[in-house]
Amino acid sequence: MSGRKILKGLTEAVAHARGEATNVRERSIHIEDSVDVRNIRKKLSLTQQEFSLQFGFSLAAVRHWEQGSRIPEMSARVLLTLIDKDPDYVRRALGMTDEEERAVVCG
């Protein structure tokens, strides 16, 4: 990539950040402000520990979310939404095999 292309891209990015009209494509997604972590976990018939191990959350975070003392950050809400919609896809994306899933559940 030439220096001119980089400079043009940076100029467009600054203009976009200032709210000026640019040719920048923008896409927004809607993620709910609240996610019912307990409901998602129970639909999967997992304990808090199993849920945290399978999907990479800390056990403390899962407990706090379920108790309502903390709200998941946006990135966690995105992952939780994906888990709710298609947990098997998330497991595959994380590289978890059926044997590993059973090992986590069986403990």
Side-chain angles (χ1 to χ4, degrees):
M1 185 180 276
S2 73
R4 288 183 196 163
K5 286 183 180 180
I6 294 171
L7 186 56
K8 181 181 178 205
L10 289 173
T11 302
E12 286 178 358
V14 169
H16 179 73
R18 289 182 179 152
E20 299 169 12
T22 63
N23 287 333
V24 176
R25 280 184 265 158
E26 208 175 291
R27 184 167 186 213
S28 62
I29 60 170
H30 175 73
I31 298 297
E32 295 295 327
D33 290 335
S34 64
V35 179
D36 189 342
V37 178
R38 178 177 283 121
N39 184 50
I40 295 169
R41 178 180 61 78
K42 288 194 175 223
K43 281 191 335 188
L44 299 172
S45 300
L46 297 173
T47 66
Q48 289 178 334
Q49 184 172 9
E50 291 164 346
F51 186 79
S52 64
L53 287 170
Q54 278 193 22
F55 298 110
F57 302 116
S58 73
L59 179 56
V62 172
R63 286 182 177 154
H64 286 294
W65 295 338
E66 289 191 9
Q67 293 168 357
S69 58
R70 292 194 188 148
I71 298 170
E73 296 287 331
M74 173 65 94
S75 57
R77 290 195 318 267
V78 168
L79 181 54
L80 288 161
T81 300
L82 291 171
I83 293 166
D84 190 30
K85 301 290 184 204
D86 194 346
D88 291 331
Y89 171 80
V90 175
R91 288 178 180 121
R92 286 191 311 275
L94 294 174
M96 181 175 281
T97 64
D98 289 341
E99 294 79 29
E100 288 171 323
E101 180 186 340
R102 279 191 293 276
V104 168
V105 171
C106 297

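Just the heavy atoms: all of them, side chains too, but no hydrogens, waters or symmetry mates, feed the values below.
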Euclidean distance, Leu46 CG relative to Ile40 CD1, rounded to 0.5 Å: 11.5 Å
To the nearest 0.5 Å, atom CG of Leu59 lies from atom CG of Leu53 at 8.0 Å
Check Arg77 against Asp33 and note the closest heavy-atom contact, atom names and distance. CD-O, 3.5 Å
For residues Ser52 and Val62, report the shortest heavy-atom separation together with the two atoms involved. CB-CG2, 4.0 Å
At what distance, to the nearest 0.5 angstrom, does CG of Leu80 lie from OG of Ser34? 11.5 Å
Non-neighbouring partners of Gln67 that pass side chain to side chain donor-acceptor pair (under 3.5 Å), sequence neighbours left out: none
Looking at Leu82, I'd like to know if its CG atom is crowded, meaning that more than 12 non-hydrogen atoms belonging to other residues, nucleotides or ligands lie closer than 6.0 Å. yes
Please enumerate all residues that pass side chain to side chain donor-acceptor pair (under 3.5 Å) together with Arg63, with sequence neighbours excluded. Gln48
Does any non-hydrogen side-chain atom of Phe51 lie less than 4.5 Å from one of Ile83? yes
Atom pair CZ (Arg91) and CE (Met96), whose distance is rounded to the nearest 0.5 Å: 7.5 Å
For a 4.5 angstrom cut-off between non-hydrogen side-chain atoms, does Trp65 reach Asp36? no
Do Phe55 and Leu44 touch side chain to side chain, with heavy atoms closer than 4.5 Å? yes
Take Arg41 and Glu50 through the salt bridge (charged side-chain N to carboxylate O under 4.0 Å, His left out) test and state the conclusion after the steps. CA-CA 9 Å; Arg41 178 180 61 78; Glu50 291 164 346; over 6 Å; no
For a 4.5 angstrom cut-off between non-hydrogen side-chain atoms, does Thr81 reach Glu32? no
Start with the C-alpha gap between Gln54 and Val90, add the side-chain angles, then the distance that decides, and say whether side chain to side chain contact (heavy atoms under 4.5 Å, CB included) holds. CA-CA 10 Å; Gln54 278 193 22; Val90 175; over 6 Å; no
